[in-house]
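Have a look at the structure below before the remarks.
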Amino acid sequence: MLKVDLHCHSNISDGVLAPAAVAAHARKAGVDVWALTDHDEVSGVAAARTAALDLGMRFVAGVEISITWAGETVHIVGLQVDENNPGLVQGLHQTRSGRDARGREIARQLDLAGIPDAYEGALKFVGNPDLMSRTHFARYIVETGKCANIPDVFKKYLSEGKPGYVEHRWATLAEAVGWIRGAGGVAVIAHPGRYRFSDMAQGVLFDEFKQLGGVAIEVVTGSHSPDQYPEYAQLANAYGFLASRGTDFHAPGESRVDFAMLPPLPANVTPIWHDWF
């Protein structure tokens, strides 16, 4: 059975390792098919592809696009994309714009909450200045000793209603799916169990996504708890979606589940890669 991981990040977005180092880490853990899916950015894909092929892995070009849907941030993964497609590249550039202003406002609010110099502190952890994120601020706050770990930072400072939370308007669902399909790729809803939607709202999201041409949801992911795997396998089948799998890896020792630990997809779903190889 192929070991497939179709969701992870490098230091091109909010991961810690360079794309080639992520590839090596995945291969060491036994991954056979690997996708790099950095947030709103595809500039690491070429290096990731070269490293993966050199290591004997099959490679899938990917991206994770931030969207705003029903007032919440949702992530849409694109797989098998042409990373040089002009529509995708321009769309991602449009999505990235505004992150710096948001980062400066997060820093201002954290300063008021007793955490000075957060912008400069977060910047130390940024591999790509266009993609400063809450995770970079979280790493800095852990470094200061204010919190023990990244989940603790989000709970105290960076989630909605907390001192360092700043809302940002991302792309629309239609835009993200359109960019992915226009680049020859397939669209996947990332970690659907992570969003704070009612069952009814989630159903509306799934319906709209399917109507726009989305084909899959993540079923087994490091952002789901084990009891959610069968739940989202059932939902994938109910909506006629294929199933995807990925760690949502960001850094060794920081991600909830490393490459070697993620279980396979349930047997009752159709993997998104079923006709790729």
Side-chain angles (χ1 to χ4, degrees), residues 6-15 19 22 34-49 59-105 126-136 166-192 194-195 204-218 221 223 241-242 244 246 248 250 272 276:
L6 300 176
H7 186 162
C8 71
H9 302 277
S10 75
N11 65 353
I12 298 298
S13 62
D14 59 346
V22 183
W34 175 64
L36 181 69
T37 57
D38 274 316
H39 288 285
D40 307 314
E41 178 64 273
V42 288
S43 64
V45 167
R49 178 185 290 110
F59 181 72
V60 177
V63 66
E64 185 175 14
I65 303 177
S66 306
I67 72 161
T68 299
W69 191 86
E72 296 283 343
T73 299
V74 173
H75 293 155
I76 305 298
V77 167
L79 299 171
Q80 299 279 46
V81 298
D82 170 8
E83 72 271 20
N84 298 309
N85 176 267
L88 176 65
V89 171
Q90 179 56 36
L92 296 178
H93 174 74
Q94 172 186 317
T95 297
R96 291 194 302 272
S97 65
R99 276 187 182 263
D100 183 70
R102 179 193 186 216
R104 292 180 186 278
E105 178 59 19
V126 173
N128 182 344
D130 288 339
L131 284 166
M132 179 177 279
S133 74
R134 289 183 297 166
T135 302
H136 298 121
V166 178
E167 187 178 7
H168 187 79
R169 299 297 299 182
W170 305 108
T172 66
L173 179 60
E175 286 172 332
V177 175
W179 297 335
I180 291 165
R181 297 184 71 200
V186 291
V188 183
I189 297 178
H191 39 62
R194 207 171 85 179
Y195 309 122
V204 173
L205 171 62
F206 286 178
D207 284 336
E208 184 180 342
F209 179 67
K210 189 169 186 178
Q211 288 166 11
L212 290 167
V215 301
I217 62 173
E218 287 184 348
T221 160
S223 294
F241 288 134
L242 300 174
S244 194
D248 199 2
H250 284 77
I272 191 170
W276 289 359

For the residue pair D248 and S223, confirm or rule out a side-chain donor-acceptor distance under 3.5 Å.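 Looking only at side-chain atoms, S223 and D248 do form a donor-acceptor pair, the distance falling under 3.5 Å.
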
Is it true that D14 and H136 share a donor-acceptor pair across their side chains at a distance under 3.5 Å?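 Absent: no donor and acceptor within the cut-off.
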
How would you list, by chain and number, every residue that makes a ring-ring contact (aromatic ring centres under 6.0 Å, His included) with W179, sequence neighbours excluded?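 Scan of W179 (ring-ring contact (aromatic ring centres under 6.0 Å, His included), adjacent residues dropped) gives none.
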
Can any side-chain N or O of [X] pair as donor or acceptor with the backbone N or O of [Y] at less than 3.5 Å?
X	Y	result
R96	D40	yes
S10	G15	no
S13	D38	no
E218	A190	no
R49	F59	no
S244	I217	no

Within this structure, what is the [atom1]-[atom2] distance for the pair [X] and [Y], rounded to the nearest 0.5 Å?
X	Y	atom1	atom2	answer
W170	E72	CH2	CD	14.0 Å
H93	L88	NE2	CG	13.5 Å
R104	R99	CZ	CZ	15.0 Å
H9	T135	NE2	OG1	8.5 Å
E83	L36	CD	CG	10.5 Å

Minimum heavy-atom distance [X]-[Y], with the two atoms named:
X	Y	value
I12	P19	CG1-CG, 3.9 Å
E105	V166	CG-CG2, 3.7 Å
W276	Q80	CD2-NE2, 3.3 Å
A35	C8	O-SG, 3.4 Å
H75	Y195	N-OH, 2.9 Å
A61	V45	CB-CG1, 3.8 Å

Using side-chain heavy atoms (C-beta onward) and a distance below 4.5 Å, is I76 in contact with I189?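 They are in side-chain contact.
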
Given side-chain contact (heavy atoms from CB on, under 4.5 Å), test L6 with V77 step by step and report yes or no. CA-CA 9 Å; L6 300 176; V77 167; over 6 Å; no

Could you please spell out the steps behind the side-chain contact (heavy atoms from CB on, under 4.5 Å) verdict for L205 and L173? CA-CA 9 Å; L205 171 62; L173 179 60; 4.0 Å; yes

Full working for side-chain contact (heavy atoms from CB on, under 4.5 Å) between L79 and T37: CA-CA 8 Å; L79 299 171; T37 57; 4.1 Å; yes

Which residue in the set V186, I65, L212 passes side chain to side chain contact (heavy atoms under 4.5 Å, CB included) when paired with I180?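 The option that passes is I65.
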
